[in-house]
Amino acid sequence: MAVDAARSEEGFTSARATRVMSAACRAAGLDDRGAELIRLGENALFRLATAPVIIRVARGEPWLPKARVEVAVARWLAAEGFPASRLVDGLEQPFLIDGHPVTFWRLIVEGDRKATYGELGGVLSDLHSMTVPAGLELPAFDPFGKQELRISKAPIPDDDRVFLRKRWQELRGRFEELRFETPKGPVHGDAHVQNLMVNDRDEVILIDFEAFCFDHPEWDLMVTAVEHHSLGWQTDEQYADFVRAYGRDLYDWHGYDTLRRLQEFGMTTWLMQNVQENEETAAEYRRRIAGLRNDDAPLGIRNVPSLVRLTPRSRVRTG
């Protein structure tokens with residue numbers, strides 16, 4: 001009981017994630033000396049200095065089912081030869097260390113360029129055309145599953161928590177009225193361009209399978225559509241490349257506005273988990289929550305792809 005209370009009080013910080021990472025390395029027979037925290041977001045990511053390995057530490061045991069999905073999807077995509085991140089061989093994954101799921105991934109050495117939006121559209125088109133094999137159990141896309149965990153655990157003011165729960169219920173009502181016309185299939189679930197990496201052989205690699213599911217492809221298309229049409233994060237030419245490569249612009253779909261609101265809500269709750277890390281993150285959260293409270297104003301989301309430093313050849317952008 002005392003341990004649980006201490007965990008609750010401490011929360012998921014970079015310091016706690018580092019201790020979990022070290023314990024996971026000992027369990028896996030790896031040397032964590034010199035390991036570097038390269039990202040803190042939905043998960044904490046570390047790069048080992050002693051081996052070409054990335055370690056992913058999830059926030060707590062409620063994330064264990066998602067870690068199991070990640071592992072199963074990674075093994076399926078590897079068997080299919082799909083260009084995606086690979087697990088470290090020879091380990092039974094995921095580990096559960098002090099209540100935190102931990103997975104081990106092969107380091108992707110980056111090349112000299114970033115992935116394009118056209119390449120994102122092409123990768124998603126290829127992914128959506130695949131057939132999920134029998135025996136691979138994937139959940140449906142759930143835009144609300146992580147939200148309750150985030151709202152209940154984030155270090156935010158109580159009035160923000162009350163507002164977010166109310167908005168959450170409103171969005172659930174809109175979601176229940178959505179009508180899709182496309183067949184279901186494999187969906188990445190967090191399909192932004194930062195979840196593609198280009199390695200040193202100029203191969204485009206899909207990463208981050210935490211939200212992978214079996215559902216309608218619109219859930220993947222909404223990310224770039226909202227980033228462009230609502231937030232202005234891409235040029236018209238970049239977005240046109242994405243649409244040409246995939247073959248569809250979600251903006252023309254009747255359900256776009258509902259998906260836009262769900263995406264903006266999720267972007268705000270994702271960020272608020274780490275407001276204690278630095279003032280830049282806290283300030284951006286305040287901008288986003290103010291935007292959500294004012295339906296008549298632009299949301300004003302700034303692009304904050306990472307909450308901690310990223311070094312040039314170690315960017316592993318997972319959610």
For [Y], is there an ion pair with [X] - N to carboxylate O distance below 4.0 angstrom?
{"X": "Glu170", "Y": "Arg174", "answer": "no"}
{"X": "Asp160", "Y": "Arg167", "answer": "no"}
{"X": "Arg26", "Y": "Asp32", "answer": "no"}
{"X": "Glu279", "Y": "Arg286", "answer": "yes"}
{"X": "Glu36", "Y": "Arg47", "answer": "yes"}
{"X": "Glu70", "Y": "Arg56", "answer": "yes"}

When you group the ILVMFWY residues by side-chain heavy-atom contacts below 4.5 Å and let the links chain together, are [Y] and [X] in the same group?
{"X": "Leu30", "Y": "Leu37", "result": "yes"}
{"X": "Val162", "Y": "Phe144", "result": "no"}
{"X": "Leu64", "Y": "Val102", "result": "no"}
{"X": "Leu96", "Y": "Val71", "result": "no"}
{"X": "Val88", "Y": "Ile97", "result": "yes"}

Exercise. Kindly assign one of parallel, tilted or perpendicular to the pair Phe141 and Trp219, based on the angle between their ring planes and the thresholds 30° and 60°.
Key: parallel
Quiz item: According to the interplanar angle, ranging from 0 to 90°, do the rings of Phe212 and Phe209 count as parallel (below 30°), tilted (30 to 60°) or perpendicular (above 60°)?
Solution: perpendicular
Using modelled atom types only, decide if a donor and an acceptor are shared between the side chain of [X] and the backbone of [Y] within a distance under 3.5 Å.
{"X": "His188", "Y": "His128", "value": "no"}
{"X": "Arg86", "Y": "Ala84", "value": "yes"}
{"X": "His100", "Y": "Arg59", "value": "yes"}
{"X": "Thr269", "Y": "Arg150", "value": "no"}
{"X": "Thr18", "Y": "Ser14", "value": "yes"}
{"X": "Asp215", "Y": "Lys184", "value": "no"}
{"X": "Arg161", "Y": "Ile156", "value": "yes"}
{"X": "Asp208", "Y": "Asp190", "value": "no"}

Euclidean distance, [Y] [atom2] relative to [X] [atom1], rounded to 0.5 Å:
{"X": "Leu250", "Y": "Arg248", "atom1": "CG", "atom2": "CZ", "result": "5.5 Å"}
{"X": "Leu221", "Y": "Leu259", "atom1": "CG", "atom2": "CG", "result": "9.5 Å"}
{"X": "Glu119", "Y": "Ile205", "atom1": "CD", "atom2": "CD1", "result": "11.0 Å"}
{"X": "Arg16", "Y": "Asp98", "atom1": "CZ", "atom2": "CG", "result": "4.5 Å"}
{"X": "Arg113", "Y": "Met197", "atom1": "CZ", "atom2": "CE", "result": "12.5 Å"}

Quiz item: Is it true that Trp253 and Phe180 have ring centroids separated by less than 6.0 Å?
Solution: yes
Quiz prompt | is_close_aromatic(Trp233, Tyr117), centroid dist under 6.0 Å | solution = no
Quiz prompt | Glu203: partners by salt bridge (charged side-chain N to carboxylate O under 4.0 Å, His left out), with sequence neighbours left out | solution = Arg201
Quiz prompt | Audit row: Gln234, Thr224, side-chain hydrogen bond (donor to acceptor under 3.5 Å, both in side chains) steps and yes/no | solution = CA-CA 8 Å; Gln234 299 94 29; Thr224 302; 5.5 Å; no
